[in-house]
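Only one structure is covered here, and it is reproduced in the block below.
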Protein chains: 4
Amino acid sequence: MTREQLPGRRSARSHRAVLESALALVREQGYAAVTIDGIASRAGVSKATIYRWWNHKSAILVEAFLTSVHPQIMFPDSGSAREDLVAQATSLARVLSDPVLGSLFVSLLGEARYDPDLATALRDGWQTPRRAAGVEVIERAMARNELPADTDPELVLDGVYGPLYLRLLFGHAPLDEPSLRQIVAQVFDGTGVGRG
Amino acid sequence: MTREQLPGRRSARSHRAVLESALALVREQGYAAVTIDGIASRAGVSKATIYRWWNHKSAILVEAFLTSVHPQIMFPDSGSAREDLVAQATSLARVLSDPVLGSLFVSLLGEARYDPDLATALRDGWQTPRRAAGVEVIERAMARNELPADTDPELVLDGVYGPLYLRLLFGHAPLDEPSLRQIVAQVFDGTGVGRG
Amino acid sequence: MTREQLPGRRSARSHRAVLESALALVREQGYAAVTIDGIASRAGVSKATIYRWWNHKSAILVEAFLTSVHPQIMFPDSGSAREDLVAQATSLARVLSDPVLGSLFVSLLGEARYDPDLATALRDGWQTPRRAAGVEVIERAMARNELPADTDPELVLDGVYGPLYLRLLFGHAPLDEPSLRQIVAQVFDGTGVGRG
Amino acid sequence: MTREQLPGRRSARSHRAVLESALALVREQGYAAVTIDGIASRAGVSKATIYRWWNHKSAILVEAFLTSVHPQIMFPDSGSAREDLVAQATSLARVLSDPVLGSLFVSLLGEARYDPDLATALRDGWQTPRRAAGVEVIERAMARNELPADTDPELVLDGVYGPLYLRLLFGHAPLDEPSLRQIVAQVFDGTGVGRG
DNA sequence: CCTTAAACGAGACGGTACGTCGCGTCTTCCT
DNA sequence: AGGAAGACGCGACGTACCGTCTCGTTTAAGG
């Protein structure tokens with residue numbers, strides 16, 4: 001998705017200006033108000049130049065999102081799966097709680113339902129690396145018997161990330177560290193009693 | 001959300017036609033391709049009539065969504081919280097797995113981030129009644145000692161519904177009944193081992 | 001054109017209110033800004049009532065124009081054709097110089113080109129009585145040898161009224177009494193010298 | 001009024017197509033039925049393009065009128081003021097007798113009452129050059145004593161053109177050459193007898 | 001005086017056109 | 001030879017009026 005230095009010469013500055021302008025417009029006016037004309041005029045770039053490098057508005061925004069988000073994510077290895085998952089979830093929650101980036105992300109998810117390219121970009125640039133890091137944490141935990149050998153890592157990850165995204169979508173509960181710790185705890189320990 | 005018979009009298013047929021046409025267009029062309037002009041011409045209704053009753057495209061679609069979804073939801077009371085939650089989740093998953101309704105729902109969630117009216121409509125028409133039904137199931141379970149007295153019902157619901165919505169968003173895992181049963185089981189029983 | 005008391009009972013007040021509102025709107029916003037909706041709401045009358053009595057916007061306006069203008073016209077008989085024509089022209093000029101009525105009249109003439117009913121209304125309500133009065137003046141003058149026996153009354157009237165309407169249309173010269181007297185004088189006396 | 005090659009470059013074909021389509025619509029459906037949508041679709045041009053170059057419907061039509069009329073006007077110099085005025089009036093009458101152009105012209109006059117830009121365009125593009133040519137004819141005649149030295153050229157022109165426009169407006173008398181010759185004769189010679 | 005049917009106000013309705021905005025393509029001119 | 005500037009055809013936007021059509025509600029004529 002990054003282009004940086006392709007054959008066409010003068011990109012670089014324009015490329016950066018487009019991504020920044022797009023994000024700024026999302027921030028100031030919201031997703032729906034972002035237009036190619038608006039990005040072009042704000043970035044001091046011609047529309048033709050934009051269409052040379054991106055097919056759709058969402059292609060610009062997904063790149064802007066991923067670029068802006070990329071440095072903020074952490075994949076620790078503390079020796080405790082609980083701690084690692086809390087740390088990952090916290091770092092994720094920091095991004096998604098940002099009013100601009102969080103809303104942008106949900107909008108992109110919505111569009112991705114009808115735009116396979118966008119879906120691919122989001123999967124490759126966002127979901128896959130995070131799931132992989134999560135699976136690794138859990139497999140390490142299984143290896144050291146912190147978790148049973150028959151644990152389904154995907155199910156555990158859904159148990160941790162599911163509530164997180166749910167709260168992003170509906171905003172009915174906080175996404176601070178204690179809450180995330182509670183969520184992780186419930187996944188590991190269950191609600192207690194139960195039928196067995 | 002229902003309009004039926006406001007002071008301004010005549011509606012009914014037009015009202016229904018608009019909702020149906022809107023849904024049909026989502027089905028056939030996707031959310032982004034739905035236009036007021038398109039709805040109007042398909043419904044045999046004038047644009048003025050649409051704007052008389054709805055402020056935005058999303059107001060039409062949320063009403064269409066809720067109307068279409070309303071009869072399909074179940075809130076059972078079997079005596080077992082696990083069974084009730086699996087049943088609720090299954091009935092929810094049936095709606096959200098529908099390629100049309102599921103995608104529409106995600107799109108609406110995206111728009112709701114920038115449109116408080118839409119957010120309110122979704123909360124009141126969708127989330128609140130389902131959360132309330134879920135809380136009731138859990139409180140009944142606590143009353144009969146199926147769950148500990150200090151259970152946090154909201155946390156349990158997030159644990160059940162979170163993975164469900166997560167799979168809706170990313171489509172990385174199925175939403176059939178066995179999967180949902182697994183999810184509920186993990187919430188009740190935890191992953192085993194753990195720190196304890 | 002007047003309706004006053006047709007079989008349908010309650011007109012009267014509404015009828016008057018419509019004409020007055022129509023004229024007021026022309027006065028305040030200009031011909032093009034007059035709408036049936038606007039007249040109706042200003043007159044406190046329903047659109048249906050307006051359509052019951054008038055076919056078109058222009059039918060309202062021509063009636064309003066003629067009603068408003070009718071009392072202001074004079075057909076004197078002073079014994080001098082010159083004086084009578086100056087008097088008639090002056091009284092006519094008074095109406096057409098009015099910024100509201102003059103402009104309204106020109107607009108109606110423009111519409112009449114495409115609307116035979118309107119053309120008929122203008123001819124019967126405006127032009128015919130004035131031409132007839134003018135012909136009478138000239139025939140009286142011929143009878144008393146103020147004008148030659150072979151005078152063409154229509155040509156004389158065109159000579160007097162033509163310049164008057166021309167100045168109404170283009171506003172390039174005044175329409176006060178001295179000017180009208182000059183015009184009448186030129187018709188009677190010619191420019192002098194000439195070939196004849 | 002001509003646009004041809006403004007800073008914003010590309011026009012020409014669209015420009016011509018708009019004027020031609022507008023005139024064609026007037027011809028086929030009448031002034032009131034001309035719409036911007038109609039012109040655009042007939043000309044194969046977008047509405048935005050039309051609004052880029054013209055402010056109002058009437059701006060299109062006045063330009064179309066003047067363009068279409070321009071080549072048809074004659075300003076002769078025969079040595080006789082009577083002959084020159086008859087020739088000018090005849091050439092004018094030919095335009096205004098055309099059912100399309102004549103009606104269009106009257107409609108434009110009506111609108112010009114409420115639209116100063118239109119009034120200016122008509123004055124500059126139509127009235128001023130014709131009056132100037134007429135004044136020249138009359139001043140030449142005064143110079144060679146065909147007319148008295150104290151003749152008021154404007155009054156003479158009103159005497160000739162006034163009846164012509166009057167017959168255009170009301171259509172109560174013909175506009176052929178003999179009629180125009182009669183009108184000119186009356187202006188030069190008067191009605192005879194008179195009071196002196 | 002009381003009934004009753006018309007004419008009425010209000011305003012919703014299916015339409016058409018408005019004037020604006022954004023799309024994605026294109027051409028022209030400047031650097 | 002790029003790229004900014006921006007015109008272009010297209011089509012949707014949300015608004016304003018059109019002329020038609022129910023709706024109750026007067027209201028004045030006739031029983």
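Worth saying up front: this structure is predicted, and the values here are computed from it rather than measured. Proteins come first, then strands; the chains are lettered A, B, ... in the order of their sequence lines, and each starts at number 1. The basis for the numbers below is simple: all heavy atoms, side chains too, and nothing from hydrogens, waters or symmetry mates.
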- Message: From the set E:dC23, F:dA12, F:dG9, return the single nucleotide nearest to any side-chain atom of A:Thr35.
- Response: E:dC23
- Query: Which of the following nucleotides, F:dG19, F:dA7, F:dT15, is nearest to the side chain of C:Tyr51?
  - Reply: F:dG19
- Hey, is the side chain of B:Arg13 poking within less than 4.0 Å of OP1 or OP2 on E:dG14, counting only N and O atoms? yes
- Hey, which sits more toward the 5' end of DNA chain E by its nearest nucleotide, C:Val45 or A:Lys47? C:Val45
- Message: Strictly below 4.0 Å, N to O, side chains only: are A:Glu20 and A:Arg27 in salt-bridge contact?
- Response: no
- Item | B:Ile36 backbone acceptor or donor facing B:Lys47 side chain under 3.5 Å | no
- Message: Using 0.5 Å steps for rounding, measure from the CG atom of C:Leu118 to the CZ atom of C:Arg123.
- Response: 10.5 Å
- Message: If the cut-off is 4.0 Å, is B:Thr49 near the phosphate of E:dG14, judged by side-chain N/O to OP1 or OP2?
- Response: yes
- Query: So, is A:Ser14 near the phosphate of F:dA4, with a side-chain N or O under 4.0 Å from OP1 or OP2?
  - Reply: yes
- Between E:dG19 (P) and D:Asn55 (CG): distance, integer Å: 10 Å
- Task: Send over the distance from D:Ile60 CD1 to E:dC18 C1', rounded to a whole Å.
- Result: 13 Å
- Roughly how many Å is it from CG in A:Asp37 to P in F:dA5, rounded to a whole number? 13 Å
- When rounded to whole Å, the CD1 to C1' distance for the pair A:Ile50 and E:dC23 reads 12 Å
- Message: Closest-nucleotide mapping onto DNA chain F: is A:Gly44 or C:His56 further toward the 5' terminus? I mean the 5' end.
- Response: A:Gly44
- DNA chain F: D:Ser46 or B:Ala48, which has the more 5' nearest nucleotide? D:Ser46
- Item | Whole-Å distance separating the CH2 atom of A:Trp54 from the C1' atom of E:dC23 | 18 Å
- Write down the distance between CZ (B:Arg42) and C1' (E:dG14), rounded to a whole number of angstrom. 18 Å
- Query: For F:dG3, does either OP1 or OP2 sit under 4.0 Å from a side-chain N or O belonging to A:Trp53?
  - Reply: no
- Note on the structure: Among E:dA7, E:dG14, E:dG22, the one nearest any side-chain atom of C:Arg52 is E:dA7
- Round to the nearest Å and state the distance from D:Lys57 atom NZ to E:dG19 atom P. 9 Å
- Query: Does the side chain of D:Ser103 pick up a donor-acceptor pair with the side chain of C:Arg113 at under 3.5 Å?
  - Reply: yes
- Spacing of D:Ile36 atom CD1 relative to E:dT20 atom P, expressed in whole Å: 11 Å
- Item | Whether D:Trp54 and D:His15 hold their rings parallel, tilted or perpendicular, with breakpoints at 30° and 60° | parallel
